Amino acid sequence: MDHDALRLFLHLSRTLRFLQTSRECHISPSALSRAIQRLEREVGCRLFERDRRTVRLTTEGTRFVAHAREALDRWEAVTRELRGRASAIEGTISLFASVTACQSFLPGILSGFRQRFPDIHIRLETGYAADALEMLAEGRVDVTVAALPDRVPAPLIARVLLYTPLVFAAPVSPCEVQRQVARRTLPWSELPIVLPAAGLARASADRWFRRKRITPRIYSEVAGSEAILSLVSLGCGVGIVPRIVMDKSPLRAEVRALDVEPAIGEFRVGVCTQRRKLQSPLVRAFWDSMEEGAAGA
């Protein structure tokens, strides 16, 4: 199977945009379309559903992502060995990290990794932490750095890098919400709440409100802690975010953490990959480097 076609397929599976993939892979849109069509004929099924506006992976295409990554990993390993360069690790590793991780501790760890393995290229993707394990399970990335659930699924392996509590963030600028949280007793029945739309933070928030027997007055449900802080800073309500997000945010001077009992919960932030991926020299090198970088941080 054409390894260049596999690389194009994997790139398109991430972007889901033919024009973006053709531009970033330096290939014309028509040549990209032909390459994908040849690949679909070779595997005997449609890998993408596409019309004039959208491109999406088919069920078969999602399954083929994992095969394509494994095939390229094996190819890179055997070519290194045949060239007599088994000790010189090179290639590309795909990494998904939350925006907060990219803004806080990840640069320091990646710096050490790059010094030790300059021939390993890092393809970094950012997005919502709630999507991290799904992207990993589907084989769309090799490694994720994001919040970890209490129980990591058996096919995955994780290593905790840091712990950070969840907090209620409130605005500091004069507004109705700021006046409400300034009271001796917080008026939970009146406070507008900005909640995470999904994920571990939302689950912790729901448990906290149930424990307190409070029905929250939901102002908005938002994907992404940074967006929650934006609404909080505007005085829209009180939001729930990881403390590290608030501490590293450009809006940190415009919000403050509220003291509540009991605590909302704690995030375990760590690195995660599929167990079988550790057989890849690239992933193993990154995994070991993360452990050393976290220990020295």
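All values reported here derive from a predicted model rather than from experimental measurement.
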Exercise. Please check if the side chain of Ser13 supplies one atom and the backbone of Leu10 the other of a donor-acceptor pair under 3.5 Å.
Key: yes

Practice problem: Identify the two heavy atoms, one from Gly235 and one from Cys175, that lie closest to each other, and give their separation to 0.1 Å. | Solution: CA-SG, 3.9 Å

Exercise. Give, for atom OG of Ser220 and atom CD1 of Ile193, the distance between the pair rounded to the nearest 0.5 Å.
Key: 12.0 Å

Quiz prompt | Contact summary for Ala71 and Leu6, nearest pair of heavy atoms | solution = CB-CD1, 4.0 Å

Quiz item: Does a side-chain heavy-atom distance below 4.5 Å link Ile264 with Ile240?
Solution: yes

Quiz item: Nearest heavy-atom pair of Arg211 and Ala263: which atoms, and what distance?
Solution: NH1-O, 3.9 Å

Quiz item: Can you find a heavy atom in the side chain of Arg41 that is under 4.5 Å from one in the side chain of Leu39?
Solution: no

Quiz item: Below 4.0 angstrom, N of the basic side chain to O of the carboxylate: do Asp206 and Arg210 qualify?
Solution: no

Quiz prompt | Sidechain-backbone polar pair: Ser33 side chain, Pro29 backbone, donor-acceptor under 3.5 Å | solution = yes

Quiz prompt | side-chain contact (heavy atoms from CB on, under 4.5 Å) evaluation trace for Ile93 with His121 | solution = CA-CA 6 Å; Ile93 185 171; His121 294 188; over 6 Å; no

Quiz item: Between the side chains of Ser111 and Arg114, does any donor sit under 3.5 Å from an acceptor?
Solution: no

Quiz item: When clusters are formed by joining ILVMFWY residues with side-chain heavy atoms under 4.5 Å apart, either directly or through shared neighbours, do Val145 and Val152 land in the same one?
Solution: no

Self-check item: Glu190/Arg183 salt bridge by N-O under 4.0 Å criterion
Solution: yes

Self-check item: Heavy-atom pair of closest approach, residues Ser94 and Val141
Solution: OG-CA, 3.2 Å

Quiz prompt | Pairing of Glu60 and Arg46 as salt bridge, 4.0 angstrom limit | solution = no

Quiz item: Between OG1 of Thr15 and CD of Glu24, what distance do you get to the nearest 0.5 Å?
Solution: 7.0 Å

Self-check item: Test item: Ser22 side-chain N/O and Leu19 main-chain N/O as donor-acceptor pair under 3.5 Å
Solution: yes

Quiz item: Any side-chain heavy atom of Ile36 within less than 4.5 Å of one from Leu47?
Solution: no

Exercise. Begin from the C-alpha positions of Val269 and Tyr163 and carry the test side-chain contact (heavy atoms from CB on, under 4.5 Å) through to its verdict.
Key: CA-CA 6 Å; Val269 181; Tyr163 295 87; over 6 Å; no

Quiz item: For Tyr219, does the OH atom have more than 12 heavy-atom neighbours from other residues, nucleotides or ligands under 6.0 Å away?
Solution: no

Quiz item: How long is the gap from CG on Leu32 to CG on Leu12, to the nearest 0.5 Å?
Solution: 6.0 Å

Self-check item: Side-chain donor or acceptor of Thr144 paired with backbone N/O of Phe96 under 3.5 Å
Solution: no

Quiz item: With hydrophobic residues grouped by side-chain heavy-atom distances under 4.5 Å, do Phe18 and Leu8 end up in a single group?
Solution: yes

Quiz prompt | Within 6.0 Å of CZ in Arg123, more than 12 heavy atoms from elsewhere | solution = yes

Quiz item: Would a 4.5 Å heavy-atom cut-off, applied to side chains only, mark Arg268 and Leu161 as touching?
Solution: no

Quiz item: Just how far is it from atom NE2 of His11 to atom CD of Gln20, taken to the nearest 0.5 Å?
Solution: 6.5 Å

Quiz item: Do Glu226 and Val245 have side-chain heavy atoms sitting under 4.5 Å apart?
Solution: yes

Quiz item: So, Glu70 and Arg276, do they make that salt bridge, N to O below 4.0 Å?
Solution: yes

Self-check item: Verdict with supporting geometry, Ser98 and Thr126, side-chain contact (heavy atoms from CB on, under 4.5 Å)
Solution: CA-CA 5 Å; Ser98 63; Thr126 62; over 6 Å; no

Quiz item: Side-chain heavy atoms under 4.5 angstrom apart, residues restricted to Ile, Leu, Val, Met, Phe, Trp, Tyr: same cluster for Val172 and Leu251?
Solution: no

Quiz item: Is atom CG of Asp259 surrounded by more than 12 heavy atoms (other residues, nucleotides or ligands) closer than 6.0 Å?
Solution: no

Quiz item: Would Leu282 and Leu124 show up in the same hydrophobic cluster when neighbours are defined by side-chain heavy atoms closer than 4.5 Å?
Solution: yes

Quiz item: Angle class for the Trp75/His3 ring planes (parallel below 30°, perpendicular above 60°, tilted otherwise)?
Solution: parallel

Quiz item: Phe267 versus Leu166: any side-chain heavy-atom pair under 4.5 Å?
Solution: yes

Quiz item: Given side chains that start at C-beta, do those of Val260 and Trp188 come closer than 4.5 Å, heavy atoms only?
Solution: yes

Quiz item: Would you say the side-chain atoms of Arg159 pair up with the backbone N or O of Val271, donor to acceptor, closer than 3.5 Å?
Solution: no

Practice problem: Decide yes or no for Leu133 and Pro149: does some side-chain heavy atom of the first lie under 4.5 Å from some side-chain heavy atom of the second? | Solution: yes

Quiz item: Should Val177 and Cys236 be marked as a side-chain contact (heavy atoms from CB on, under 4.5 Å) after you check the CA-CA gap, both sets of side-chain angles, and the distance that decides it?
Solution: CA-CA 7 Å; Val177 173; Cys236 297; over 6 Å; no

Quiz item: With distance as the sole test, does Thr273 use its side chain to make a donor-acceptor pair with the main-chain N or O of Asp142 at under 3.5 Å?
Solution: yes

Self-check item: Approximate separation, where rounding is to 0.5 Å, of Thr164 OG1 and Met246 CE
Solution: 9.0 Å

Quiz item: Does Phe117 have any ring pair (Phe, Tyr, Trp, His ring centres under 6.0 Å) partners at least two apart in sequence or in another chain, and if so, which?
Solution: Phe113

Quiz prompt | Closest contact, heavy atoms only, Ile157 versus Trp287 | solution = O-CH2, 3.4 Å

Quiz item: Taking all atoms of both residues into account, what is the closest heavy-atom pair of Val283 and Val143, and its distance?
Solution: CG1-CG2, 4.1 Å

Exercise. State plainly whether one hydrophobic cluster holds both Phe168 and Leu186, where clusters connect Ile, Leu, Val, Met, Phe, Trp and Tyr through side-chain heavy atoms under 4.5 angstrom apart.
Key: yes

Self-check item: salt_bridge(Arg50, Glu40) N-O dist < 4.0 Å
Solution: yes

Exercise. Could you tell me whether the side chain of Ser204 and the main chain of Ala201 form a donor-acceptor pair under 3.5 Å?
Key: no

Quiz item: To the nearest 0.5 Å, how far apart are CG in Leu229 and NZ in Lys248?
Solution: 14.0 Å

